[in-house]
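Structure, as structure tokens:
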Amino acid sequence: MELTLRDAATVAHGMGFGALLLLGFSGAFIGIYATSVSPNPWLPSDRDRRLFSLYLTVLAGLAWLAVFAGAYVIYPWYRAVPPAGAALAGYPQRLLMSNPTTSGWHDIGMEWKEHIAWLAPICLTACAYIFRRYGARLRAMTGLRNGLIGLALLAFAATGVAGFFGAMLNKFAPVRGGTDIVLMKEKTGG
């Protein structure tokens with residue numbers, strides 16, 4: 001059982017940073033709702049508020065890791081230009097573009113993914129700042145609270161769209177190559 005370095009980097013980007021980020025949104029939404037919207041508000045102590053602020057900051061950091069890994073590690077492998085006569089299997093962008101039935105995955109999927117993904121870390125960074133700065137006062141600041149919720153929802157939607165297109169692109173044209181990483185060797189003998 002083995003995978004390549006590029007497979008491992010793609011897994012870390014999508015299933016590591018991206019999937020954890022999507023899971024982390026549940027905690028973010030619960031915390032924002034409980035502290036600022038709920039009719040039976042959770043009144044966190046200063047320590048609880050600092051911990052939730054740290055949670056949002058770590059979530060924003062995870063989003064930045066996912067986007068930077070995608071933009072500066074995976075994407076250059078995705079868009080590599082093959083030498084003349086090379087098999088396109090090692091060149092995902094060209095593989096998708098070579099077939100009319102898959103070119104839409106590049107034309108629409110990758111174009112959306114590479115742009116919309118940047119909204120998630122930007123919005124989450126803003127959420128972390130707003131909560132850190134205004135935490136206890138958000139309940140009374142309806143406009144800012146609604147803006148915070150809107151930013152969190154936009155970050156979630158951007159992450160979901162980027163994750164969907166990333167999974168579909170990897171299904172039709174996986175980023176492969178690099179050195180092999182052996183996870184498990186076949187048993188020989190008895």
Side-chain angles (χ1 to χ4, degrees), residues 1-29 54-129 151-185:
M1 194 164 118
E2 65 184 34
L3 66 154
T4 67
L5 178 63
R6 291 180 184 181
D7 289 330
T10 302
V11 167
H13 161 67
M15 296 304 294
F17 305 139
L20 282 174
L21 179 59
L22 282 170
L23 289 171
F25 277 107
S26 59
F29 289 131
L54 177 64
Y55 180 85
L56 289 174
T57 302
V58 168
L59 201 60
L62 196 56
W64 283 112
L65 280 172
V67 168
F68 282 144
Y72 298 111
V73 177
I74 309 301
Y75 189 62
W77 292 331
Y78 168 82
R79 58 175 281 171
V81 178
L88 296 180
Y91 303 90
Q93 179 188 40
R94 303 302 173 173
L95 179 63
L96 289 173
M97 293 169 62
S98 70
N99 186 336
T101 62
T102 59
S103 65
W105 285 111
H106 169 73
D107 297 339
I108 296 169
M110 183 50 91
E111 296 302 322
W112 262 75
K113 178 181 173 43
E114 69 184 276
H115 292 92
I116 200 168
W118 288 94
L119 287 175
I122 292 168
C123 291
L124 283 172
T125 301
C127 286
Y129 173 78
L151 285 169
L153 288 171
L154 182 59
F156 177 70
T159 302
V161 168
F164 168 77
F165 281 124
M168 292 298 104
L169 287 161
N170 200 51
K171 175 183 172 18
F172 290 105
V175 174
R176 292 251 153 97
T179 57
D180 289 337
I181 301 169
V182 178
L183 300 173
M184 191 181 315
K185 291 186 178 190

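It should be emphasised that the depicted structure is a prediction, and the values quoted were computed from it without experimental measurement.
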Quiz item: So with a 6.0 Å cut-off around CD1 of Ile108, is the heavy-atom count from everything else above 12?
Solution: no
Self-check item: Residue pairs passing the side chain to side chain donor-acceptor pair (under 3.5 Å) test where at least one lies in residues 13-26, sequence neighbours excluded
Solution: none
Quiz prompt | Partner set under side chain to side chain contact (heavy atoms under 4.5 Å, CB included) for Ala167, not counting sequence neighbours | solution = none
Quiz item: If you take all heavy atoms of Cys127 and Leu56, which pair is closest and at what distance?
Solution: O-CD1, 4.1 Å
Practice problem: Report the residues that fulfil side chain to side chain donor-acceptor pair (under 3.5 Å) with Thr101, sequence neighbours left out, ordered by chain and then residue number. | Solution: Asn99
Exercise. Output all residues satisfying side chain to side chain contact (heavy atoms under 4.5 Å, CB included) with Phe164, sequence neighbours left out; order by chain, then residue number.
Key: Trp105, Met168
Practice problem: Measure across Leu124 and Ala63 and return the closest heavy-atom pair with its distance rounded to 0.1 Å. | Solution: CD1-CB, 3.9 Å
Quiz item: Looking at residues at least two apart in the chain, or sitting in another chain, which of them share a side chain to side chain contact (heavy atoms under 4.5 Å, CB included) with Val11?
Solution: Met15
Exercise. Looking only at non-hydrogen atoms, find the nearest pair between Val67 and Ala117 and report the distance.
Key: CG2-O, 3.4 Å
Practice problem: Kindly say whether Pro83 contributes a backbone atom to a donor-acceptor pair with the side chain of Tyr91 at under 3.5 angstrom? | Solution: no
Quiz prompt | Contacts of Thr159 that satisfy side chain to side chain contact (heavy atoms under 4.5 Å, CB included) - sequence neighbours left out | solution = Leu21, Leu22, Phe25, Ala120
Quiz prompt | Sequence-distant partners of Tyr78, side chain to side chain donor-acceptor pair (under 3.5 Å), two or more places apart | solution = His106
Self-check item: Pairing residues for Phe17 by the ring pair (Phe, Tyr, Trp, His ring centres under 6.0 Å) criterion, not counting sequence neighbours
Solution: none
Quiz item: For Leu119 and Ala158, which heavy atoms make the closest approach, and how far apart are they?
Solution: CB-CB, 3.9 Å
Quiz item: Under 4.5 Å between any side-chain heavy atoms of Pro82 and Leu88, yes or no?
Solution: yes
Quiz item: Which heavy atom in Ala173 sits nearest to a heavy atom in Leu95, and how many Å separate them?
Solution: CB-CD2, 4.1 Å
Quiz prompt | Euclidean distance, Thr10 OG1 relative to Leu169 CG, rounded to 0.5 Å | solution = 11.0 Å
Quiz item: Who passes side chain to side chain donor-acceptor pair (under 3.5 Å) against Asp107, sequence neighbours left out?
Solution: none
Self-check item: Contacts of type ring pair (Phe, Tyr, Trp, His ring centres under 6.0 Å), residue Trp64, not counting sequence neighbours
Solution: Phe68
Quiz item: Which residue pairs pass the salt bridge (charged side-chain N to carboxylate O under 4.0 Å, His left out) test when at least one of the two sits in residues 3-13, sequence neighbours left out?
Solution: Asp7-Arg176
Quiz prompt | Ala8 versus Leu3, closest heavy-atom pair with distance | solution = N-CD1, 3.4 Å
